[in-house]
Amino acid sequence: MSVITIERKVLEKNDAIAQRNRQLFQERNIFVLNLVSSPGSGKTSILEKTCQELRDSMNISVIEGDVQTDLDAQRVAAYGVQVVQIVTMGGCHLEAGLVENAMQQLDLSKTDILFIENVGNLVCPSGYDLGEALKVVVLSTTEGDDKPLKYPAMFLNASVLIINKIDLLPYVNCKLDELKGNALKINPALKVFEISCFTGDGIPQWCDWLKKKGASNL
Ligand SMILES: Nc1nc2c(ncn2[C@@H]2O[C@H](COP(=O)(O)OP(=O)(O)OP(=O)(O)O)[C@@H](O)[C@H]2O)c(=O)[nH]1
Ligand SMILES: [Mg+2]
């Protein structure tokens with residue numbers, strides 16, 4: 001069917017650019033993470049905490065992806081790191097070509113680690129390779145423990161799961177063990193972090209892992 005053919009061509013074109021991005025990142029020794037989640041799980045909050053913790057030991061750059069506004073870029077820029085905002089004007093995910101263009105605005109010689117915050121959406125970004133070393137899926141406790149089962153592609157394609165907003169566990173209908181079990185059923189290889197951007201719990205463990213993983217990835 002023609003619809004399927006067009007979809008395949010779009011993805012093939014995306015994958016070719018993603019491969020070009022990946023090669024460039026590897027040549028320049030830049031560790032790249034693609035942060036994906038539904039809207040409001042805490043991607044930008046995690047980046048704020050991460051910048052605060054790591055900015056003295058690593059050169060951090062960020063590419064922000066949003067349907068509208070540069071609000072997230074403003075939040076992250078307050079930590080003194082390089083930031084570029086992509087506004088997709090309605091697009092529900094980032095594509096490799098958008099990242100390739102955004103990179104032109106970054107000084108890659110001053111970048112050890114690049115975070116790409118994808119558009120808030122637990123479905124579409126999973127199918128689009130951007131050239132990252134790994135995908136990090138963020139799920140917050142307010143979203144419920146069944147989400148890995150309902151949106152499996154995102155958890156299958158990710159290497160890391162950050163469970164955020166653990167400070168809210170006493171107040172929401174979410175069982176941490178159930179959430180983790182469901183995620184690991186979909187992808188047993190997931191590295192899991194439990195954090196709260198509100199209290200700071202789990203942030204040092206996440207940042208230590210980033211430093212080690214970044215060093216070994218290069
Ligand atoms: N209680 C609590 N609130 C949090 C935590 N992390 C983030 N929030 C709040 O959750 C809301 C959404 O956080 P953001 O960091 O903007 O989420 P996001 O994933 O970047 O959202 P989009 O970019 O719109 O997809 C904000 O009001 C944050 O202050 C947390 O660990 N605990
Ligand atoms: Mg955000």
Side-chain angles (χ1 to χ4, degrees), residues 25 30-88 93-94 98-99 102-103 105-108 110-122 125 130 132-143 147 154 158-169 171-172 174 191-215 217:
F25 294 142
I30 301 172
F31 183 39
V32 183
L33 299 98
N34 179 4
L35 267 69
V36 291
S37 82
S38 45
S41 301
K43 298 178 294 302
T44 312
S45 303
I46 292 167
L47 288 179
E48 290 175 307
K49 290 283 176 197
T50 305
C51 288
Q52 204 172 14
E53 186 97 0
L54 292 184
R55 66 182 163 186
D56 292 336
S57 54
M58 291 175 112
N59 290 312
I60 302 172
S61 294
V62 177
I63 295 176
E64 285 288 348
D66 278 290
V67 170
Q68 280 293 352
T69 81
D70 65 354
L71 291 171
D72 283 2
Q74 288 180 42
R75 282 170 62 184
V76 174
Y79 292 84
V81 303
Q82 292 191 82
V83 191
V84 182
Q85 177 80 52
I86 299 172
V87 178
T88 64
H93 59 270
L94 290 180
L98 293 171
V99 170
M103 280 186 317
Q105 295 173 56
L106 291 172
D107 184 350
L108 294 179
K110 294 205 179 90
T111 304
D112 302 316
I113 187 163
L114 169 65
F115 295 98
I116 304 171
E117 179 180 341
N118 220 308
V119 178
N121 180 335
L122 208 49
L130 304 178
E132 71 273 4
L134 47 88
K135 281 192 178 65
V136 177
V137 59
V138 181
L139 186 65
S140 59
T141 57
T142 52
E143 295 166 72
K147 293 304 169 286
M154 200 60 103
S159 306
V160 178
L161 164 63
I162 297 184
I163 303 172
N164 188 30
K165 308 193 188 181
I166 57 168
D167 53 291
L168 297 180
L169 274 169
Y171 315 105
V172 294
C174 173
K191 170 83 183 158
V192 183
F193 293 95
E194 299 165 21
I195 71 165
S196 165
C197 293
F198 189 66
T199 62
D201 282 346
I203 299 290
Q205 288 85 342
W206 154 245
C207 289
D208 282 351
W209 179 85
L210 275 177
K211 273 197 251 180
K212 286 191 196 110
K213 187 76 184 169
N217 206 66

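Results of the side chain to side chain contact (heavy atoms under 4.5 Å, CB included) test with N118 over V36, I86, V136 single out V36 as the only residue that passes.
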Steps toward side-chain hydrogen bond (donor to acceptor under 3.5 Å, both in side chains) verdict (E53, T50): CA-CA 5 Å; E53 186 97 0; T50 305; over 6 Å; no

side-chain contact (heavy atoms from CB on, under 4.5 Å) evaluation trace for L114 with L106: CA-CA 10 Å; L114 169 65; L106 291 172; 3.9 Å; yes

Show the numbers, then the answer: is there a side-chain contact (heavy atoms from CB on, under 4.5 Å) between V83 and D72? CA-CA 10 Å; V83 191; D72 283 2; over 6 Å; no

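With contacts defined as side-chain heavy-atom distances shorter than 4.5 Å, the pair L47/Y79 does not qualify. For the pair P125/L94, no side-chain contact is recorded, criterion being any heavy-atom separation below 4.5 Å from C-beta on. M154 places none of its side-chain heavy atoms less than 4.5 Å from the side chain of S37. Side-chain contact between K165 and Y171 is absent, with no heavy atoms from C-beta onward closer than 4.5 Å. Inter-residue side-chain proximity for H93 and N121 is flagged as unmet; no heavy-atom pair is nearer than 4.5 Å. Side-chain contact between V137 and L122 is present, with heavy atoms from C-beta onward closer than 4.5 Å. Residues K213 and L134 meet the side-chain proximity criterion, which asks for heavy atoms closer than 4.5 Å. Counting heavy atoms from C-beta on, the side chains of V87 and Q68 come closer than 4.5 Å.
In this model, no donor atom of one side chain and acceptor atom of the other lie less than 3.5 Å apart for T199 and D167. Looking at Q82 and D107, their side chains never bring a donor and an acceptor atom within 3.5 Å of each other.
K110 and S61 make their closest contact through O-OG, 4.5 Å (heavy atoms, listed as atom of the first residue, atom of the second, distance). When all heavy atoms of I30 and T111 are compared, the pair lying nearest together is CG1-O, 3.4 Å. Nearest approach of C207 to L54, heavy atoms of both residues: CB-CD2, 3.9 Å. The two residues K43 and L35 come nearest to each other via the heavy atoms CD-O, 3.7 Å. The two residues V67 and T88 make their nearest non-hydrogen contact at CA-OG1, 3.3 Å. Closest of all the heavy-atom pairs between F25 and L130 is CE1-O, 4.5 Å.
Rounding to the nearest 0.5 Å gives a distance of 8.5 Å between CZ of R75 and CG of L71. In this structure, NZ in K147 is found 10.5 Å from OG in S41, a value given to the nearest 0.5 Å. Summarising the geometry, atom OG1 belonging to T141 is positioned 8.5 Å from atom CD1 belonging to I166; distances are rounded to the nearest 0.5 Å. Note: D112 CG to N59 CG = 4.5 Å, rounded to the nearest 0.5 Å. Interatomic distance, NZ of K49 versus CZ of F198, reported as 9.5 Å (0.5 Å rounding). To the nearest 0.5 angstrom, E64 atom CD is 4.0 Å from E117 atom CD.
Classification of the W206-F115 ring pair by plane angle, with boundaries at 30° and 60°, yields tilted.
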